[in-house]
Amino acid sequence: MGDEIRRNMALFPIGIVMKLTDLTARQIRYYEQHELIVPARTAGNQRLFSFNDVERLLEIKALIEKGVNIAGIKQVMNPVSKESEEATVLSEQSEVKRRELSEPQLHRLLKRELLEKRPGKASMIQGQLSHFYKR
DNA sequence: CTTCTAACA
DNA sequence: TGTTAGTA
């Protein structure tokens, strides 16, 4: 269950998610409007995305590139409910934790989470990770 | 960063 | 229908 918590922890602001997914802020908000993702919010009403949210966005991106529309994607992906609630509940403490994490720590965590946990999908994500490694 | 409205192809 | 520009 520890893994699930980590995956649902809201960690990333939208700017980071933009780089990770190569989506614009508009697109990300658009997908949220259509309930494809339900990111947590900070006290200042800013989005905080979990690993699950990022994975979801990458799937959405891939599906849309294949010509699948929002309605189709909704049917393909499991409805957002349980995870989002947990992510929302965790938002407060996650916000604190995010600030406590140093950049290298966050990078390490992200790398481990995306590469170790996803043998099959790692290749798709690796390209996006370059944004995170460089700097 | 957020939200909203309107506009494009 | 998905996405974007301009705005406050």
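To find a chain, count down the sequence lines: A is the first, B the second, and so on, and within it residues start at 1.
In this structure, the side chains of A:I37 and A:I60 come closer than 4.5 Å at one or more pairs of heavy atoms. At least one side-chain heavy atom of A:I70 sits under 4.5 Å from a side-chain heavy atom of A:K74. In this structure, the side chains of A:P13 and A:Q46 stay at 4.5 Å or more apart for every pair of heavy atoms.
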Derivation and outcome, side-chain contact (heavy atoms from CB on, under 4.5 Å), residues A:Y31 and A:I64: CA-CA 11 Å; A:Y31 300 147; A:I64 286 201; 3.5 Å; yes
Derivation and outcome, side-chain contact (heavy atoms from CB on, under 4.5 Å), residues A:L20 and A:F49: CA-CA 11 Å; A:L20 285 173; A:F49 298 82; over 6 Å; no
Worked verdict on A:V17 versus A:I28 for side-chain contact (heavy atoms from CB on, under 4.5 Å): CA-CA 9 Å; A:V17 177; A:I28 295 170; 3.9 Å; yes
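Rounded to the nearest 0.5 Å, atoms CG (A:N52) and CG (A:L57) are 11.0 Å apart. Here the straight-line distance linking atom OG1 of A:T21 with atom NZ of A:K61 works out to 7.0 Å at 0.5 Å rounding.
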Bracket string, DNA chain C, 5' to 3' - pairs by Watson-Crick or G-U geometry under 3.5 Å, | interstrand: .|||||.|
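Put simply, CG on A:L63 is 17 Å from P on C:dT1, counting in whole angstrom units. Atoms CD1 (A:I28) and C1' (C:dT3) sit 13 Å apart, rounded to a whole Å. Protein atom CE of A:M18 is 6 Å distant from nucleotide atom P of B:dC1, rounded to whole Å. C:dT1 atom P lies 10 Å from atom NZ of A:K74, rounded to whole Å. Taking atom CD1 on A:I70 and atom P on C:dG2, their separation rounds to 4 Å, with Å as the unit. To the nearest angstrom, P of C:dT4 lies 11 Å from CD1 of A:I64. Look at CD on A:Q27: it is 18 Å from P on C:dT1, rounded to the nearest Å.
At the phosphate of C:dT4, OP1 or OP2 sits under 4.0 Å from a side-chain N or O atom of A:T24. Not one side-chain nitrogen or oxygen of A:Y30 sits closer than 4.0 Å to the OP1 or OP2 atom of C:dT3.
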Per-nucleotide protein contact string for nucleotides 2-9 of chain B (B base, S sugar-phosphate only, - none; heavy atom under 4.0 Å): BBB-----
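The side chain to side chain donor-acceptor pair (under 3.5 Å) search around A:Q27 returns A:T24, not counting sequence neighbours.
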